[in-house]
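Values reported hereafter were calculated over all heavy atoms of this structure, with side chains retained and with hydrogens, waters and symmetry mates removed. Residue numbers begin at 1 in each chain, while the letters A, B, ... track the order of the sequences.
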2 protein chains.
Amino acid sequence: MTREPRGKRQHYTVDVVALTPRDNQLAVLLEQRSEGREKSVRWVLPWSASRNGEGLDDLAQHAIRRSVGAASVWNTQVGAFSEGPHPGGSDLSIVYVALVPMGEATVQGDEFQWFLLSELPPLTERQNQMLQESVNAVRDRLDLYPVAFRLLPATFTLSELQHMYELLLGRRLHKASFRRALTAAALVEPTDEWRSEGRGRPAQLFRYGPRKRRRARRGVRFDLLG
Amino acid sequence: MTREPRGKRQHYTVDVVALTPRDNQLAVLLEQRSEGREKSVRWVLPWSASRNGEGLDDLAQHAIRRSVGAASVWNTQVGAFSEGPHPGGSDLSIVYVALVPMGEATVQGDEFQWFLLSELPPLTERQNQMLQESVNAVRDRLDLYPVAFRLLPATFTLSELQHMYELLLGRRLHKASFRRALTAAALVEPTDEWRSEGRGRPAQLFRYGPRKRRRARRGVRFDLLG
DNA sequence: TGACATTAGTCACAATATGTGACTAATATG
DNA sequence: CATATTAGTCACATATTGTGACTAATGTCA
């Protein structure tokens, strides 16, 4: 027999980790909310409470639109987190990470503000965990999904693209290797525009435009950490 | 101000996709539940309803223990799913995938039964989606987490290990390459036992025993599908 | 018993992929 | 015009991976 759950019904929120590049690192969008009884003010990840009949993706869209405005921002689910308290009293946070392109990081009001990951205000344990896992999720998907392109403007130079990869991977890449791999993958196409950025030779602008190709099938890769 | 959500409070379940190898493919554990008013009987993924003060990992443990018994079964979160109806009336399913080693796939009662993935009874759209994503999650983590070892007994031959990888990847691997990569990764250690399986030369038994090593850092890999 | 089938395990070489420094090109600065 | 600076390419060394062929140790069966 199907039974109702015994205890009090629990509820959940959809929490959004919006990331954008800024000052050669990542920044996350936080919202200032005053807490009920304490009258204190604190920064929290933007969230939407669950409502009847609304799917997770819709709730995430709401939270994103409310905070960063742009509806075209790319996002994906990171997972569910239940440990520690949530500012909205939710038992469960479903986390979505949203990538906002460089230069489009405008904000929907005074209560929102971008914080560099190196200069975060104090957050609850749960929020720190969600933030950490969101950054990990982006990094882990780097080779399978075009996440780097979602953080760049529609057109970009190959040096900018490389710097974005370096930022996300946290290490330097060799220029020639990077471009060779990029060419082999047929992921970008050149535009006929060039950008002259101060001194140095002007760089050609590219756009993301993957051409159909079958995924490489190599042998197994044992890349586990002991 | 922190507000309570407006609509009716929603509740969630933790649903478990337990997988085990069987007949050279994967099998999933389903539970027979009779639905309230319809008096009909159908197979569903085992689940636990949310209760006060219990974290997701605990709920998953309950569902696993209730269905497959063994507490040592390895499991990990896959994600949250809200689309379509759930047999328990939950608005939201948090899915955990659990890997049950070959040969330990005993079951906790008549209402539970293993089904080969190729011979599934009809499931709801949500359940099909959760199952699909769970299998994908296992496959995607193959190179980063020792999931194949969690589906094998404590000791195994290298041929068995290779067959498990082939099963999970859905393609054949070359014996010499496989073993070379395995040696380089220092993931298994030999026991002093050998198994003679009918004809052919006896095979040495190994156990999973990763030695500490730093993760490989190569250049970028663009492995996206167009 | 001995030829043969069958599975385990290893090797060497070919084919690819990657790491790297040095090179040329095109601009701004002074 | 010399120099600094960034873009873009090349060639070669090194590392990794694909592959077939080989040896080893068993069971089967004439």
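With rounding to whole Å, B:Phe206 atom CZ is found 12 Å from C:dA8 atom P. In this structure, B:His174 places its NE2 atom 13 Å from C1' of C:dA14, rounding to the nearest Å. Atom CD of B:Glu160 and atom P of C:dA8 are 9 Å apart (whole Å). Summarising the geometry, the separation between CZ on A:Phe222 and C1' on D:dT17 is reported as 13 Å, rounded to the nearest angstrom. Taking atom CD of residue A:Glu197 and atom C1' of nucleotide D:dG8, one finds them 17 Å apart after rounding to whole Å. Put simply, CZ on A:Arg201 is 8 Å from P on C:dT27, counting in whole angstrom units. The interatomic distance linking A:Gln204 (CD) with C:dT27 (P) rounds to 13 Å, in whole Å. When the P atom of C:dG21 is taken as reference, atom CZ of A:Arg172 falls 13 Å away, rounded to whole Å.
A ring pair (Phe, Tyr, Trp, His ring centres under 6.0 Å) with A:Phe222 is found for one member of B:Tyr208, B:Phe149, B:Tyr165, B:Tyr145 and no other, namely B:Tyr165. Partner of B:Arg66 under the side chain to side chain donor-acceptor pair (under 3.5 Å) criterion, out of B:Glu31, B:Gln108, B:Gln61: B:Glu31 alone. The only member of B:Trp47, B:Phe81, B:Tyr12 that meets ring pair (Phe, Tyr, Trp, His ring centres under 6.0 Å) when paired with B:His86 is B:Trp47.
Of the candidates C:dG9, D:dA25, C:dG19, the closest approach to any side-chain atom of B:Pro202 belongs to D:dA25. Which of D:dG8, C:dA8, D:dT19 sits closest to the side chain of A:Trp194 comes down to D:dG8. With C:dT20, D:dA7, C:dA8 as the choices, the nucleotide that has an atom nearest any side-chain atom of A:Arg179 turns out to be D:dA7. In the set C:dT10, C:dG9, C:dT18, C:dT18 carries the atom at the smallest distance from any side-chain atom of A:Arg180.
Each of A:Ala176 and B:Thr157 lies near DNA chain C, and the nucleotide nearest B:Thr157 is the one positioned closer to the 5' end. Taking the nucleotide of DNA chain D with the nearest heavy atom to each of B:Lys175 and B:Ala181, the more 5' of the two is matched to B:Ala181. Mapping A:Arg199 and B:Ser159 onto DNA chain C via the closest heavy atom, the residue that lands nearer the 5' end is B:Ser159.
With salt bridges taken as basic N to acidic carboxylate O contacts below 4.0 Å, one links B:Arg172 and B:Glu166.
Looking only at distances, a side-chain donor or acceptor of B:Glu160 sits under 3.5 Å from a matching main-chain atom of B:Thr157.
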